[in-house]
Amino acid sequence: MSSHTERSTWKNLYRMGGVAPLITLALYVSEFFAIIVSGVAYPVTPAEWFALFQRDKILGLLFLNAPDVLSIALLGIMFLALVMALKRDNPSAMVIAAFVAFLGIALFVSTRADMVTAILSLSEQYAAATTDAQRAQLLAAGQAIHAPIRATPETTGFFFIAVAGLIVSVVILRSDTFNKITAYVGILGGLSTMANHASLLIAPSLAAILMPVSGLLWLVWWVMMSVGLFKLGRDVPDARNQSTIFS
């Protein structure tokens, strides 16, 4: 089977892989927009989180970035499409990238889902608490769960996803399947994420600078990968027409 014929078999996957990061981006933008227009100050302490959930549960979930459970999971479709598009260029690297990506997605999604569920449950218990001792215990539990500027299983999950993106970008750099600029953005995103992850461990204050930089790079990369996958799905003719086209 030729490379062209094989790629035509996966054109629908390429299209779905192109849609997935756009949905992810839309969810991120929706979260950001909802937080901005709400006029609510970002909660810092567990008491503020519990108060937000008591005031508006939907807004509390958006502040916790609960939709990321879906948005990050959807990136698995994008990585599947990239594996099929690039496996002929470097099959070993793409298999490794897929493994690392799915490991990171599973870790991120499970950790984020657990955190959202735990804080939601604690906020409900806090609202029902009748003594100061009960409230103090619940606040202590909330403090242990919500600590955004430190290394967690969730940040480790995103780190793995970034490593997978870095591997894919290096393969793209040596391939003619996608734009080379996409490769450079992915490499910069991977390196900045590694620096950010290291800062979470040794210099948490630096993470406040590196985190938005790496996040912006990955948002751009997702859009560029979406454009590339859509183009790949559009340009490859249907496999049923291969005999006619090449006869």
Side-chain angles (χ1 to χ4, degrees), residues 17 20-32 35 42 61-83 93-119 144-172 182-226:
L22 293 183
I23 297 176
T24 298
L25 179 62
L27 289 172
Y28 269 106
V29 172
S30 298
E31 290 172 0
F32 181 77
I35 291 171
Y42 192 85
L61 291 172
L62 290 173
F63 267 78
L64 271 180
N65 303 120
D68 289 358
V69 173
L70 173 61
S71 63
I72 294 299
L74 285 172
L75 293 181
I77 301 175
M78 180 191 73
F79 277 105
L80 277 175
L82 290 173
V83 168
M94 291 310 299
V95 168
I96 293 171
F99 171 76
V100 176
F102 296 142
L103 176 63
I105 290 169
L107 186 56
F108 183 100
V109 167
S110 62
T111 304
R112 176 61 61 89
D114 286 345
M115 184 189 74
V116 170
T117 302
I119 293 183
I145 291 174
H146 185 72
I149 308 300
R150 65 179 174 85
T152 65
E154 184 176 299
T155 60
T156 302
F158 193 85
F159 174 80
F160 285 145
I161 297 170
V163 170
L166 177 60
I167 295 172
V168 170
S169 296
V170 171
V171 173
I172 291 174
T182 304
Y184 294 127
V185 172
I187 291 171
L188 287 175
L191 294 177
S192 64
T193 301
M194 290 180 182
N196 175 59
H197 194 76
S199 71
L200 287 171
L201 298 172
I202 60 178
S205 60
L206 188 59
I209 300 173
L210 291 173
M211 190 177 295
V213 172
S214 63
L216 180 60
L217 286 169
W218 286 122
L219 289 176
V220 173
W221 191 76
W222 293 341
V223 172
M224 296 178 78
M225 289 308 336
S226 177

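Only this structure's heavy atoms are used, side chains among them; waters, hydrogens and symmetry mates stay out.
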On a heavy-atom basis, the closest approach of Val83 and Ala98 is CG2-CB, 3.6 Å
Find out whether Ile172 and Met225 are in side-chain contact, i.e. whether some heavy atom of one side chain is under 4.5 Å from a heavy atom of the other. yes
Does some side-chain heavy atom of Trp221 sit less than 4.5 Å from a side-chain heavy atom of Val168? yes
Ile161 and Ala101: which non-hydrogen atoms are nearest, and at how many Å? CG1-O, 4.1 Å
Return the CZ to CG distance between Phe32 and Leu27, rounded to the nearest 0.5 Å. 15.5 Å
Calculate, to the nearest 0.5 Å, the distance between atoms OG1 and CZ belonging to Thr111 and Phe158 respectively. 14.0 Å
For the OG1 atom of Thr156 and the CZ atom of Phe108, what is their distance to the nearest 0.5 Å? 11.5 Å
Less than 4.5 Å apart, side chain to side chain, heavy atoms only: is that true for Val185 and Trp222? no
Output the distance between atom CG (Leu191) and atom OG (Ser214), rounded to the nearest 0.5 Å. 11.0 Å
Answer yes or no: is there a donor N or O on one side and an acceptor on the other, between the side chain of Ser192 and the main chain of Gly189, under 3.5 Å? yes
Which atoms form the tightest heavy-atom contact between Ile167 and Ala93, and what is the distance? CG2-O, 3.5 Å
Please tabulate, for the side chains in residues 61-68, all donor-acceptor contacts under 3.5 angstrom to protein atoms that are two or more places apart in sequence or on a different chain.
unit_1: Asn65; atom_1: ND2; unit_2: Glu31; atom_2: OE1; d: 2.9
unit_1: Asp68; atom_1: OD2; unit_2: Arg112; atom_2: NH1; d: 2.9

Applied to residues 21-30, the side-chain hydrogen bond (donor to acceptor under 3.5 Å, both in side chains) test, sequence neighbours excluded, yields none
Provide the closest heavy-atom pair for Gly157 versus Leu107 in the form atom of the first, atom of the second, distance. N-CD2, 3.7 Å
In terms of heavy-atom contacts, Ala162 and Thr193 come closest through CB-CG2, 3.4 Å
Which atom pair, heavy atoms only, marks the closest approach of Phe79 to Ala164? CE2-CB, 3.8 Å
So His197 and Leu210, do their side chains get closer than 4.5 Å, heavy atoms only? no
Rounded distance [0.5 Å steps], CG in Asp114 versus CD1 in Ile119: 11.5 Å
With rounding to the nearest 0.5 angstrom, report the CG to CE distance, Leu219 to Met224. 13.0 Å
